[in-house]
Amino acid sequence: QVQLVESGGGLVQAGGSLRLSCAASGSIFNLVSMGWYRQVSGKQRELVASMHRSGTINYAESAKGRFTISRDNVKNTVNLQMNSLKAEDTAVYYCNGATISRNYWGQGTQVTVSS
């Protein structure tokens with residue numbers, strides 16, 4: 001019922017910036033939160049940042065001070081501004097949308113930070 005499409009990934013040098021966007025469509029009125037997760041091969045998918053419909057925001061400790069999550073209600077998008085990127089930020093970044101019963105995921109977008 002919910003489709004999520006990420007964009008904005010790419011290759012960037014350490015210290016640089018990227019802005020990821022996630023466009024949501026479908027039954028978006030059922031979403032109670034949206035966020036960004038990342039995953040490296042062989043490791044668990046981990047939270048980067050999330051935003052509840054109430055406005056409550058959670059960041060991974062590694063993201064605090066560098067990343068900012070935001071939403072555009074008109075465009076039905078959630079964005080992740082990533083600054084001061086580090087090599088360890090390299091991962092596939094997934095957009096997440098959560099209802100009270102299940103999670104929806106985008107296809108993922110690759111972020112590669114070169115050092």
Side-chain angles (χ1 to χ4, degrees):
Q1 289 186 310
V2 176
Q3 184 174 359
L4 305 172
V5 180
E6 302 100 331
S7 63
L11 175 64
V12 65
Q13 292 183 335
S17 299
L18 283 174
R19 185 175 179 85
L20 306 182
S21 294
C22 173
S25 61
S27 301
I28 58 176
F29 56 88
N30 287 326
L31 294 173
V32 297
S33 69
M34 294 189 69
W36 290 93
Y37 291 70
R38 66 188 180 190
Q39 186 169 26
V40 179
S41 296
K43 299 182 65 177
Q44 291 186 335
R45 188 170 299 183
E46 66 176 8
L47 170 72
V48 179
S50 65
M51 178 179 288
H52 191 270
R53 63 183 178 183
S54 68
T56 299
I57 296 173
N58 291 313
Y59 289 103
E61 287 297 321
S62 61
K64 291 180 179 178
R66 299 189 299 126
F67 296 0
T68 303
I69 188 170
S70 62
R71 63 188 176 192
D72 186 330
N73 292 327
V74 176
K75 297 181 179 180
N76 294 322
T77 61
V78 60
N79 305 304
L80 185 69
Q81 178 67 45
M82 303 188 294
N83 299 324
S84 302
L85 284 162
K86 306 173 181 179
E88 50 262 45
D89 294 317
T90 295
V92 177
Y93 284 70
Y94 294 91
C95 181
N96 167 262
T99 67
I100 59 173
S101 60
R102 66 167 290 178
N103 286 305
Y104 294 87
W105 298 97
Q107 81 286 350
T109 185
Q110 177 71 47
V111 171
T112 302
V113 183
S114 63
S115 61

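Looking at residues two or more places apart in sequence or on another chain, you find a side chain to side chain donor-acceptor pair (under 3.5 Å) between N103 and N96. With sequence neighbours excluded, no residue forms a ring pair (Phe, Tyr, Trp, His ring centres under 6.0 Å) with F67. Listed by chain and number, the residues in a side chain to side chain contact (heavy atoms under 4.5 Å, CB included) with V113 are V12, A14, L85, D89, T90, V111 (sequence neighbours excluded). When the side chain to side chain donor-acceptor pair (under 3.5 Å) test is applied to K64, the partners found at least two apart in sequence or on another chain are E61. Not a single side chain to side chain donor-acceptor pair (under 3.5 Å) links S7 to another residue, sequence neighbours left out. In terms of the side chain to side chain donor-acceptor pair (under 3.5 Å) criterion, residue partners of T112 (sequence neighbours excluded) are, by chain and number, Q110.
For the residue pair K75 and D72, the shortest heavy atom distance occurs at N-OD1, 3.2 Å. Scanning all heavy atoms of the two residues, the minimum distance from T68 to Y59 falls at CA-OH, 3.3 Å.
Linking Ile, Leu, Val, Met, Phe, Trp and Tyr residues whenever their side-chain heavy atoms come within less than 4.5 Å leaves L4 and V92 in two separate clusters.
The closest donor-acceptor contact from the side chain of R66 to the backbone of S62 lies under 3.5 Å.
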TODO: Show the numbers, then the answer: is there a side-chain contact (heavy atoms from CB on, under 4.5 Å) between L20 and E6?
DONE: CA-CA 7 Å; L20 306 182; E6 302 100 331; over 6 Å; no
TODO: Evaluate side-chain contact (heavy atoms from CB on, under 4.5 Å) for T99 paired with L31, printing each intermediate quantity in order.
DONE: CA-CA 5 Å; T99 67; L31 294 173; 4.1 Å; yes
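Listed by first and then second residue, the disulfide bond (SG atoms under 2.5 Å apart) pairs that reach into residues 51-100 are C22-C95, sequence neighbours excluded. Residue pairs meeting the ring-ring contact (aromatic ring centres under 6.0 Å, His included) criterion with at least one partner in residues 96-115, sequence neighbours excluded, are Y37-W105. Under the side-chain hydrogen bond (donor to acceptor under 3.5 Å, both in side chains) criterion, the residue pairs touching residues 14-28 are S17-N83, R19-Q81, S21-N79, with sequence neighbours excluded. Judged as a salt bridge (Lys or Arg N to Asp or Glu O under 4.0 Å), not a single pair has a partner in residues 76-87 (not counting sequence neighbours).
Taking CG from N76 and CD1 from I28, the interatomic distance works out to 3.5 Å, rounded to the nearest 0.5 Å. We find the CG-CG distance between L18 and L11 to be 8.5 Å, quoted to the nearest 0.5 Å.
Side-chain contact between I69 and V78: present, with at least one pair of heavy atoms (C-beta onward) separated by less than 4.5 Å. Residues T109 and Y94 are not in side-chain contact: their nearest non-hydrogen atoms beyond the backbone lie 4.5 Å or more apart.
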Tabulate below the donor-acceptor pairs under 3.5 Å that side-chain atoms of residues 44-52 make, not counting sequence neighbours, or state none.
from	atom 1	to	atom 2	distance (Å)
R45	NE	Q39	OE1	3.2
R45	NH2	Q39	OE1	3.1
E46	OE2	R38	NE	2.8
E46	OE2	R38	NH2	3.4
H52	ND1	S54	N	3.0
H52	ND1	S54	OG	3.1

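The other residues sharing a hydrophobic cluster with I100 are V32, where clustering joins ILVMFWY side chains under 4.5 Å apart.
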